[in-house]
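Residue numbers begin at 1 in each chain, while the letters A, B, ... track the order of the sequences.
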Number of protein chains: 2
Amino acid sequence: MSMIATTSADSGSADGGEVLSLHQRILSDISERILSGAWAPGHRIPFEHELTAEYNCSRMTVNKALSQLAKAGLIERRRRSGSFVRRPQSQAAVLEIHDIRIEVEALGLPYRYERMARSRRRSSADDRALLELDVAGPVLALECLHFAGKRPFAHEQRLINLAAVPEAAEEAFFETAPGPWLIGRVPWSAAEHRIRAVAAEKHIAAALDIETGAPCLVIERRTWSAEHPVTHVRFTYAAENHTLVARFTPSQG
Amino acid sequence: MSMIATTSADSGSADGGEVLSLHQRILSDISERILSGAWAPGHRIPFEHELTAEYNCSRMTVNKALSQLAKAGLIERRRRSGSFVRRPQSQAAVLEIHDIRIEVEALGLPYRYERMARSRRRSSADDRALLELDVAGPVLALECLHFAGKRPFAHEQRLINLAAVPEAAEEAFFETAPGPWLIGRVPWSAAEHRIRAVAAEKHIAAALDIETGAPCLVIERRTWSAEHPVTHVRFTYAAENHTLVARFTPSQG
DNA sequence: CCTTTTGATATGTATATACATAATCGTCAC
DNA sequence: GTGACGATTATGTATATACATATCAAAAGG
């Protein structure tokens, strides 16, 4: 039990570049092996005391990592027997990134787009929160309406990170909606959707021609390109207009 | 010091019935206060050393609870400043929406299930439309509530096609929610989700303890097994409780 | 007045230790 | 054989302690 401490001489440097704490490193080492299939479902992963020896750390540290893996559902822990890789029982859910024009036309209605407001500004704290941007920089804020026939169909509030897409500063977005414009220019590597129900606030209710407080479906999307935040957009649909449909088939694992 | 008593008098007995460890209890106490609105977004929750005193335990125990709350996204921790309530955004990845228990427990709250109504009947035209069933036959209709802590979290209305799952007729569904029960019995080959916003109708608003007309997120799912309709379920979530999150990134630990 | 330094503070991580609890194994008596 | 029972084992939870680190505020210096 010399203990020297540190142990951590290097902490997973070469790989991700991130600085990981020890229990995080143990956690990611193990989940890597599980997700890669090296440790198949049913496989017994090393006991806590074995990992303690392997990483030269205390059992508490190993325990923290394994507890989190168990909570995440990757492993199952059984007293006296050990910890076992669980069969992944999640279905891959794929929600398509949708273009509103296509949605509207699928309904058989004529599509029309209208740009309401556009402003270029230095990012506020709110802007940075929405974009998950950590440094200040210029952004482009847009507000648009999408029509199905004569009726407003969706309201769009968008932020574009001009550091990532400088060309956007030259574009008025009178003719082309920002969504299709961006798709044609910026390859996105990751996106996150948030879907929720809200009561329409006054400004948006007026734009959508519905009553203030009426239920609306809000879809927010954040898009990244190679680790850089590109855009954040919030679509608000009047409730009666919109249903998201997603079809899943089980993939099992 | 001393302090015993207060909060700790009962350990969540009457409520969830579960026996909670101390850090779980701290965690659920706090998240309850956040979700109930007692501690609004931005509010600074007590420092670790204050909670240490309140619960008469070590800082590690408090730290474990707060770390989990931070990971679940309910609070934000800032060194030197303290821990602050974040805007509630309970996240359920789309891949997990089928099991409400897991969602609730991910928030650190005790889960409870309650069956409200159950009736067996010959399928009405409405029933057949919901199930996409073309011939008449017996169905089981269920109405249930799912609780997170003491508050209702989701309302469930379900139809089960008894022609596809005859064993369901024997089950009271007092203990087991129909979702988990079906998953264990019927292999499903396809599912379709519909997600939309609605205004809460009187009956459901009363069950969820919200105001009639308040915006709610509704998720409907239809499930097939080998071409046969199995079940249709409609979950209604109070808006402030629920955000669906779908993320597309290379998965990591 | 503005910048820099210093100190206080709250969280972040890790250790060694202790005891509790659940499950399994081996032994011994019947 | 087999049933009872204690020993063993791995995990579950909690404690006291230690040091690292980020950050803010006040003191010190130009």
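A cation-pi geometry, defined here as NZ or CZ lying under 6.0 Å from the six-membered ring centre and within 45° of its normal, holds between B/R112 and B/F147.
Across the protein-nucleic acid pair, A/F84 atom CZ and C/dA23 atom P stand 13 Å apart, rounded to whole Å. Per the geometry, CD belonging to B/E50 stands 8 Å off P belonging to C/dA10, to the nearest Å. Taking atom CG on A/L51 and atom P on C/dA14, their separation rounds to 14 Å, with Å as the unit. When rounded to the nearest whole Å, the span between CZ of A/R44 and P of D/dA10 equals 8 Å. Atom CZ in A/R59 sits roughly 11 Å away from atom P in D/dT13 (whole-Å rounding). Between the P atom of C/dA14 and the CG atom of A/L27 lies a distance of 12 Å, rounded to the nearest Å. Nucleotide C/dA20 holds its C1' atom 14 Å from the CG atom of A/N63, rounded to whole Å. Rounded to whole Å, the distance from NZ on B/K64 to P on C/dT13 is 14 Å.
Between A/H23 and A/R78, it is A/H23 whose nearest contact on DNA chain C lies nearer the 5' terminus. Taking for each of B/I45 and A/M60 the nucleotide of DNA chain C with the nearest heavy atom, the 5'-most of the two is the partner of B/I45.
Between B/H146 and B/Y113, the ring centre distance stays below 6.0 Å.
A donor and an acceptor atom sit less than 3.5 Å apart, one in the side chain of B/R79 and one in the base of D/dT21. Contact annotation: side chain of A/R77 to base of D/dT11, donor-acceptor pair absent below 3.5 Å.
Between A/E220 and A/R234, at least one side-chain nitrogen of the basic residue sits less than 4.0 Å from a carboxylate oxygen of the acidic one, meeting the salt-bridge criterion. Using a cutoff of 4.0 Å between basic side-chain nitrogens and carboxylate oxygens, A/E50 and A/R44 are scored as salt-bridged. Residues B/E48 and B/R77 are paired through a salt bridge, judged by an N-O separation under 4.0 Å between the basic side chain and the carboxylate.
Which of D/dA10, C/dA14, D/dA22 sits closest to the side chain of A/F47 comes down to D/dA10. Taking only side-chain atoms of B/R80, from C-beta outward, the nucleotide of D/dC24, D/dT13, C/dG12 with the closest atom is D/dC24. For A/S58, whose side chain is taken as the heavy atoms from C-beta onward, the closest listed nucleotide among D/dT11, C/dA14, C/dT15 is C/dT15.
Using a 4.0 Å heavy-atom cutoff across all strands shown, A/S67 reaches no nucleic acid atom at all. Nucleic acid contact for B/L22: sugar-phosphate only, since backbone atoms but no base atoms lie under 4.0 Å from a heavy atom of the residue.
For B/S83, a side-chain nitrogen or oxygen approaches OP1 or OP2 of C/dT11 to under 4.0 Å. At C/dT15, one or more side-chain N or O atoms of A/T61 fall inside 4.0 Å of OP1 or OP2 (strictly under the cut-off).
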